[in-house]
Amino acid sequence: MMRFKKHAGAAMLLVLLCGGISAYAQQADTVAAKELREVSVTAARTAREVSPGQKMQAKELERLGSHSVADAIRFFAGLQVKDYGGIGGLKTVDIRSMGTNQVGVFYDGIQLGNAQNGQVDLGKFSLDNMEEIALYNGQKSNIFQPAKDFGSAGAIYLTSLKPKFTANEKTHLRGTIKTGSFGLFNPSLLWQQKISSKVSASFSTEWINATGRYKFSYQKRDDNGHLVYDTSAYRTNGDVNAVRVEGGFNGLLNGGEWNTKVYYYQSERGLPGFIVNGVFGHVDRQWDQDIFIQSSFRKDITKRYSILLNGKYAYDYTRFLAPDTARLYIDNHYRQYEMYCSMAHQYALTNWWTIAASGDFQWNRLDADLTNFSYPTRYTTLAAAATNISFNRFSAQASILGTFVNETVKKNAAAPYQQQFTPAVFVSWQPTRSADFRLRGFYKRIFRMPTFNDLYYTEIGNRFLEPEFATQYDAGFTWNKTFTNSWITQAGIETDAYYNEVKDKIVAVPGASMLSWQMENLGFVKIKGLDVKAKAIWLIKKQIQFSTKLTYTYQRAQDFTDPSDSFYGDQIVYIPRHSGSLILGADYKQWEANYSFIYTGERYNSKENKAKNYVEPWYTSDISLGRQFTSKHTRFHVTAQVNNLANQFYEVVISYPMPGRNYRFILTVNI
Amino acid sequence: MMKQLRNIISVIILAGLALTGCRKGDRIVPPEVTPVDTAKPGSAYNGFYLLNEGNMGSNKSTLDYYDYTAGIYKSNIYATANPAAVKELGDVGNDLAIYGSKLYAVINISNKVEVMDAASTKRIKQINILNCRYITFANGKVYVSSYAGPVLIEPNAPIGFVAEIDTATLEITRKVIVGYQPEEMAVVGNKLYVANSGGYRVPNYDHTVSVIDLNTFKEIKKIDVAINLDRLKADTDGDIYVTSRGDYYNIPSRLFLIDTKTDVVKKQFDIPVSNLWISGDTAYVYGSVFSYNTGKWTITYNMVNVKTETVLSTNFITDGTDKTIRMPYGIAVNPATREIFLTDAKDYVSSGVLCCFSPAGKKKWSVTTGEIPAHIAFVSGTK
């Protein structure tokens, strides 16, 4: 309990919230366990993580000062963020080149669904109330989890802040105001209330208002490097006005915990669109309304048996308006409904052998006012069985997931019944007596279902689609060491090499006209990659804590669909061979400073690796400086940031220019 | 200790920079030059331009040129010929034609007609027309169809118009309202015929051909033909061939014949036609037809004798190489040599291919083009 009070840090909260994202192990000799060594009290009784993910916690997120989850996860190895630019622009993530649709995003332990297009816009999730962001390749290597958690090729877990009170505290209040470039005005409020010794409540709300206006520039040079044109303009119609409100209760039980929360998000935004010859602005707009209610309950029933229950209801509304009267007028309304429930069981057979089983049921429906729309409903049943063995120096997990999908439609014809069984195996081995060094590896085969858009979007969808399969092989090592009484306090390096195959990739191919494409199972991609993460924490003159974090990613993702294609064997679109990031952070007394650098190597914006599709590398440097002030019981925190310091103009996605140098100021008040 | 730290940081930064390439500045992409055939100097046509549409939003509409006098194909020549043109040729080239000494490219998403010198490919002027589609010519005038007319009866669907442009001043002189989403046009005598598709009004397609009197520049008649009209070509006998795309479900694509003396539909040919080119007595046609009912494509090649007005029911490709063409997209016939050119748009998102066939339908050569090769304009030898 002493430890808990002293270090009631991020890891602890995370564990509480997710019902065992990871683990307090009986054997506290591993790196994973060491990293989370303060975790105790109510953490789920699970086996330790065989393959810990990449994580960023509140303090680090605050120092980075990123605006959204999408901005922050760019510092993880092995992923690419597809960014359409600006505050309100769509930002999706692609893990290890397998495609954005293969990524599962979980918020407070339950997956954020989008049955319509399978993509979660991470630009929508602010870091204002985020406790931790974690990235897992394959899956979170934990057997005591809902069946859904076994069901994606890569997963991002977002964990919101959870109340933690010292003995005589009852209320926490925090207000934040962010402002700066893009006409940003972003106030937020966090309120946490202790209700009883076992129950607490939290409430968080935020308003984001921005014009989204920023300068961009295009330049072209001739063979000799002489500038032949240089044009600048302001990005228009990138405004966003969004409100997020969420609140919930967290409770402790004897040998368990529960939580329930309500989330509401509403936004109106302009869609700034592509910039091409003669088109420097668009008028399209989008309205969103997302509501979900979710609850989780976890309890150790006997000494050996634990249960985890999860449930969710979600409603997502989107209106897309293209009011340009010179073009096709579109005013479409989409309504998605989702119901989800899950039951997971874990039984410890011995002190080294655990088995688990989970079963999920999910119901999705999509309504849209499209001509001749199918109105699909999907019934998904997931069943997973998993086992874990854990010895001092060796641990392993194996799981199998069964997926059963039924669909019905009100109009046209439904996709046929799908049934798939997909396995995963994770191993971790400590070859020497030192717990600092471990080898790890995994194999996983998984698929993603075609989305409702893939199957039923009027004139584009193709109900004959098969699931898209991804197979992953990964091997790597982790070395982490903590030092005492040294100027270096922590050092670590993690390296993974992997080979992935994506088969029957769902791609758009020519349709009846240029405006309507057809979805088909066509692509075949082989991916070889290397992720390197290195970090160190230094203590200088016992006053300055200096942290360094470096990631490097190599990806060779080649299209092997058809030898007769002109792009056979070429690197797939938008995936750089080399990319990486660097974060340098320093804390000195009340001050904190941060420098971050992101590099994305040369890429191609179309399938063929030809000069006409070449995209230059881009790299941005961001700096921030912050200071804390304390006045009686009130703590103030001020941060100033300059992003894209070198004012580099670049594009992540063709025709979607990114902002140049921009500024942000953040004031936080804690009561 | 501070020094050690500094050293370590420098090493990290240097290592980072060493691994990473740097930006050299975005360069103009030079043309790809491919020799494809023996040089034929002194041909009736010096060569032809080919306009690649490019995918919407990619700004990859490009111009290629085939030089008969050298037997060389040059892909992507516009940017090099016009380096100062901001954002190059533009987005989604939709039609291409030569009239007099000028080359006209209709760039749909870029809302402009790019007027170039046909000999040098240098820009002369840009004429701004919202959502412009196709181009035709008569008596020193240019006619451009556009989807972006005023919003009349339909609350949100603009009616189409045709703009008349003087070839000397390159200014718009008159406009006439036609049907919904007008596509191809042709002039016979003193009348302009416009195929109206109504493609923005699915399932309430337009089904008419507008007849415009070129003196008054007024619509004098609407000929009821079939839904979703698209291509429209005149033959030498004063007849108009017009294609209907159908609805991609139960109403198939068809070819219709209009007699311009009476301005009524004279005949219907029960063959699917996506594109056609009339040369002499023959209309070379292909149909690439998609059905939502089956989710399948059906590609057919055919010929129509425009003198006898009968379907020949023979493929103009006779050596079986049509099997290698994935998505026929553009068609043209050299008026002098009768060589047949057919473009293959492949998957629309990678380079296409241009195939040249002898008049007997044997494949002579093929060459890689830009993305979605589509429209061909021959440059006469007198240039």
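Here is how names work: the chains are called A, B, and so on, in the same order as the sequence lines, proteins then strands, and each is numbered from 1.
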query = Checking Thr368(B) against chain A: side chain, backbone, both or neither under 4.5 Å from a heavy atom?
reply = side chain

message = If you compare all heavy atoms of Tyr147(B) against all heavy atoms of Ala326(A), which two are closest, and at what distance to 0.1 Å?
response = CB-O, 4.4 Å

ask   = Checking Asn372(A) against chain B: side chain, backbone, both or neither under 4.5 Å from a heavy atom?
value = side chain

ask   = Where does Ile109(B) contact chain A at under 4.5 Å (heavy atoms): side chain, backbone, both or neither?
value = both

ask   = After noting the C-alpha distance and the side-chain angles of Arg327(A) and Asn108(B), does the key distance pass the side chain to side chain contact (heavy atoms under 4.5 Å, CB included) rule?
value = CA-CA 10 Å; Arg327(A) 299 275 161 194; Asn108(B) 176 257; 3.1 Å; yes

query = Side chain, backbone, both or neither: which part of Glu608(A) has a heavy atom under 4.5 Å from chain B?
reply = side chain

ask   = Going from CG on Asn277(A) to CG on Asn111(B), what distance comes out if it is rounded to the nearest 0.5 angstrom?
value = 9.5 Å

note = Cut-off 4.5 Å, heavy atoms of chain A, and the answer for Ala79(B) is neither

ask   = Who are the ring pair (Phe, Tyr, Trp, His ring centres under 6.0 Å) partners of Tyr457(A), not counting sequence neighbours?
value = none

remark   = Applying a strict 4.5 Å limit to non-hydrogen atoms, the region of Val289(B) in contact with chain A is neither

message = Counting only heavy atoms from other residues, nucleotides and ligands, does the tally under 6.0 Å from NZ of Lys533(A) exceed 12?
response = yes

task = Could you tell me which of Gln219(A), Lys610(A), Glu602(A) has the largest number of non-hydrogen atom pairs under 4.5 Å with chain B?
result = Lys610(A)

task = Look at Val29(B), Val86(B), Thr62(B) and state which one has the largest set of heavy-atom pairs under 4.5 Å with chain A.
result = Val86(B)

request  = Kindly determine whether Arg27(B) and Tyr614(A) satisfy side chain to side chain contact (heavy atoms under 4.5 Å, CB included), including the steps that lead there.
outcome  = CA-CA 10 Å; Arg27(B) 300 292 169 102; Tyr614(A) 176 82; over 6 Å; no

inquiry  = Working to the nearest 0.5 angstrom, can you tell me the gap between Asn82(B) CG and Tyr229(A) OH?
reply    = 12.0 Å

ask   = Can you tell me how far the OH atom of Tyr200(B) sits from the CD1 atom of Ile330(A), to the nearest 0.5 Å?
value = 9.0 Å

ask   = With only heavy atoms counted, which part of Phe649(A) is less than 4.5 Å from chain B, the side chain, the backbone, both or neither?
value = backbone

query = If you measure from CG on Leu522(A) to CG on Asp347(B), what distance do you get to the nearest 0.5 Å?
reply = 8.5 Å

message = In the structure I gave you, are the side-chain heavy atoms of Glu371(B) and Ser606(A) within less than 4.5 Å of one another anywhere?
response = yes

task = Starting from the C-alpha separation in whole Å, work towards a yes-or-no answer on side chain to side chain contact (heavy atoms under 4.5 Å, CB included) for Lys346(B) and Ser566(A).
result = CA-CA 10 Å; Lys346(B) 302 274 181 187; Ser566(A) 56; over 6 Å; no

message = Can you tell me which portion of Asp222(A) sits under 4.5 Å from chain B's heavy atoms? Options are side chain, backbone, both or neither.
response = backbone

note = The salt bridge (charged side-chain N to carboxylate O under 4.0 Å, His left out) partners of Asp369(A) (sequence neighbours excluded) come to none

key: Atom group of Asp331(A) that falls short of 4.5 Å from chain B, counting heavy atoms   = neither

ask   = In Å, rounded to the nearest 0.5 Å, how long is the span from CG of Asn613(A) to OG of Ser58(B)?
value = 9.0 Å

query = Has Lys175(B) got more than 12 heavy atoms of other residues, nucleotides or ligands less than 6.0 Å from its NZ?
reply = no

query = Got Asp91(B) and Val279(A) here, is their nearest side-chain heavy-atom distance under 4.5 Å?
reply = no

request  = Pick whichever of Asn605(A), Thr371(A), Asn462(A) has the most heavy-atom pairs under 4.5 Å with chain B.
outcome  = Asn605(A)

inquiry  = Is Asn131(B) close to chain A through its backbone or its side chain, or both, or neither, when contacts mean heavy atoms under 4.5 Å?
reply    = both

key: Contact winner vs chain A - Lys24(B), Gln181(B), Lys87(B), Gln126(B), heavy-atom pairs under 4.5 Å   = Lys87(B)

request  = Taking only Lys NZ, Arg NE, NH1 and NH2, and the carboxylate oxygens of Asp or Glu, determine whether Glu32(B) and Lys612(A) approach each other closer than 4.0 Å.
outcome  = no

query = In terms of heavy-atom pairs under 4.5 Å with chain B, which of Pro576(A), Ser655(A), Ser579(A) leads?
reply = Ser655(A)

task = Hey, could you give me the CD1/NZ distance between Ile654(A) and Lys60(B), rounded to the nearest 0.5 Å?
result = 4.0 Å

